[in-house]
Amino acid sequence: MSTRTAVVTGASGGIGAATARSLAEAGYHVALAARRTDRLEALAKELAEAGHSASVHALDVTDRAAVDAFATALGDLPPLHVLVNNAGGALGTDPVATGDPAEWRTMYEVNVLGVLHVTQALLPALTASGDGTVVVLTSTAALATYEGGAGYVAAKHAEHVIAETLRLELCGQPVRVIEIAPGMVKTEEFSLTRFHGDAEKAAAVYAGVEGPLTAEDVAETVAWAVSRPAHVNVDLLVLRPRAQASNSKVHRVR
Ligand code: NJP
């Protein structure tokens, strides 16, 4: 029986699903949250078959009322110790001169307001646990920019600011704030979403890159950071593939 709950947002694929597997493996009851519940159901079934404990929660992190209802539903689970704010993503690679304001707004709503909603709603339970951890899954785009990236970079910078500010504000309370900032991670959908379903453009992102990060690489990092003793706060952990030295310097084998 799990005695601690970990929430993972965006658990329906990629880094979120891998993180849910890692935290289930570490003994948490994992509350799987995302919009596509069919995918969450499949993951919950897989985890149950492996002897782990998971629950499925339909959640759009941009919908505050839904987030509040989600927080209430967590009351039936073991005490909440970990929140992984993972739901997020990029839309488009247009330069500032022609970027679509609607896409910028969507990225802000998911990556920034989504984290705000879920963190606000779950902080009371995390604090009450006496040993809570908020993980914010940002990006190397949260720390430096690149051409064509401004909309995503702006949103991820804002998400980074939430993590930095929250850590200051919670100092003295039993809640850690950990930011994990990965570089290029080859997941099934991230680039496909960014390029509006264009598989060729999505594949080009990873073309010739030897060893982009995998979702599992990031998940293991999250699980490691969360499992440090309660007095140890891993403030910010940046991980990149060896072949990527910055957002725009990527070694490709042709
Ligand atoms: O992304 P992807 P990754 N409400 O597209 C969910 C960051 N990152 O795993 O709702 C709730 O496979 C969506 O679920 P669904 C990145 O910015 C990535 O690669 O069912 N959930 C899905 O589970 C993001 O923050 C890379 O559609 C919502 C998940 O989010 C995180 O890592 C590099 C939602 C997205 O899965 C996971 O990325 C980097 C909503 N409104 C940072 N909207 C990378 N892959 O290269 C979306 O530096 N989701």
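Order of appearance sets the numbers: ligands from 1, and atoms from 1 within every ligand.
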For atom [atom1] of [X], decide whether the heavy atoms of other residues, nucleotides or ligands shown that lie under 6.0 angstrom number more than 12.
{"X": "Glu188", "atom1": "CD", "value": "no"}
{"X": "Tyr108", "atom1": "OH", "value": "no"}
{"X": "Arg242", "atom1": "CZ", "value": "no"}

Ligand 1 N/O within reach of [X] N/O, cut-off under 3.5 Å:
{"X": "Ala34", "result": "no"}
{"X": "Thr193", "result": "no"}
{"X": "Ser139", "result": "yes"}
{"X": "Val61", "result": "yes"}
{"X": "Met184", "result": "no"}
{"X": "Asn86", "result": "yes"}
{"X": "Gly16", "result": "no"}

Kindly give the heavy-atom pair with the smallest separation between Gly10 and Ala87, and that separation in Å.
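Shortest heavy-atom contact: N-CB, 3.8 Å.
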
What residue and atom, counting heavy atoms only, is the protein's closest point to [atom], and at what distance?
{"atom": "atom 21 (N) of ligand 1", "result": "Ala87 CB, 3.5 Å"}
{"atom": "atom 8 (N) of ligand 1", "result": "Tyr152 OH, 3.6 Å"}
{"atom": "atom 41 (N) of ligand 1", "result": "Asp60 OD1, 2.9 Å"}
{"atom": "atom 33 (C) of ligand 1", "result": "Gly183 O, 3.2 Å"}
{"atom": "atom 48 (O) of ligand 1", "result": "Pro182 O, 2.4 Å"}
{"atom": "atom 42 (C) of ligand 1", "result": "Thr138 O, 3.2 Å"}
{"atom": "atom 22 (C) of ligand 1", "result": "Ser12 OG, 3.6 Å"}
{"atom": "atom 38 (O) of ligand 1", "result": "Ile15 CD1, 3.8 Å"}

Heavy-atom side-chain proximity of Ser139 to Tyr152 below 4.5 angstrom:
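Yes, close enough: below the 4.5 Å cut-off.
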
Is [X] touching ligand 1 with its side chain, its backbone, both, or neither, if touching means heavy atoms under 4.0 Å apart?
{"X": "Lys156", "answer": "side chain"}
{"X": "Leu59", "answer": "backbone"}
{"X": "Thr187", "answer": "side chain"}

May I ask you to check whether [X] and [Y] show a side-chain donor-acceptor distance below 3.5 Å?
{"X": "Tyr206", "Y": "Ser191", "answer": "yes"}
{"X": "His29", "Y": "Ser53", "answer": "yes"}
{"X": "Asn247", "Y": "Thr140", "answer": "yes"}

Proximal atoms of ligand 1 relative to [X] (non-hydrogen, under 4.0 Å):
{"X": "Leu137", "value": "25 (O), 32 (O)"}
{"X": "Gly89", "value": "17 (O)"}
{"X": "Gly13", "value": "23 (O)"}
{"X": "Arg36", "value": "14 (O), 15 (P), 20 (O), 27 (O)"}
{"X": "Gly14", "value": "9 (O), 12 (O)"}
{"X": "Val110", "value": "43 (N)"}

Donor-acceptor contact present, side-chain Ser12 to main-chain Ala34, <3.5 Å:
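Judged by distance alone, no pair lies under 3.5 Å.
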
When hydrophobic residues are tied together by side-chain contacts of less than 4.5 Å, even through go-betweens, does Leu122 share a cluster with Leu40?
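Hydrophobic grouping puts Leu122 apart from Leu40.
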
Any Lys/Arg nitrogen of Glu189 or Arg39 sitting under 4.0 Å from an Asp/Glu carboxylate oxygen of the other?
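A salt bridge is present here (some side-chain N lies under 4.0 Å from a carboxylate O).
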
Glu159/Thr138 under side-chain hydrogen bond (donor to acceptor under 3.5 Å, both in side chains): CA gap, chis, key distance, verdict:
CA-CA 7 Å; Glu159 200 180 338; Thr138 63; over 6 Å; no

Would His117 and Thr119 satisfy side-chain hydrogen bond (donor to acceptor under 3.5 Å, both in side chains), going step by step from the backbone distance to the final call?
CA-CA 6 Å; His117 291 155; Thr119 304; over 6 Å; no

Atom 36 (O) of ligand 1 protein-contacted, heavy-atom criterion under 4.0 angstrom:
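It does not; no protein heavy atom is within 4.0 Å.
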
Sorted by first residue and then second, give each salt bridge (Lys or Arg N to Asp or Glu O under 4.0 Å) pair with at least one member in residues 42-63; sequence neighbours left out.
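Checked against salt bridge (Lys or Arg N to Asp or Glu O under 4.0 Å) - neighbours excluded - the pairs reaching residues 42-63 are Arg21-Glu46, Lys45-Glu49.
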
N/O donor to acceptor pairs below 3.5 angstrom from side-chain atoms of residues 130-137, sequence neighbours left out:
{"unit_1": "Asp131", "atom_1": "OD2", "unit_2": "Arg4", "atom_2": "NH2", "d": "3.1"}
{"unit_1": "Thr133", "atom_1": "OG1", "unit_2": "Arg176", "atom_2": "NE", "d": "3.1"}
{"unit_1": "Thr133", "atom_1": "OG1", "unit_2": "Arg176", "atom_2": "NH2", "d": "3.1"}

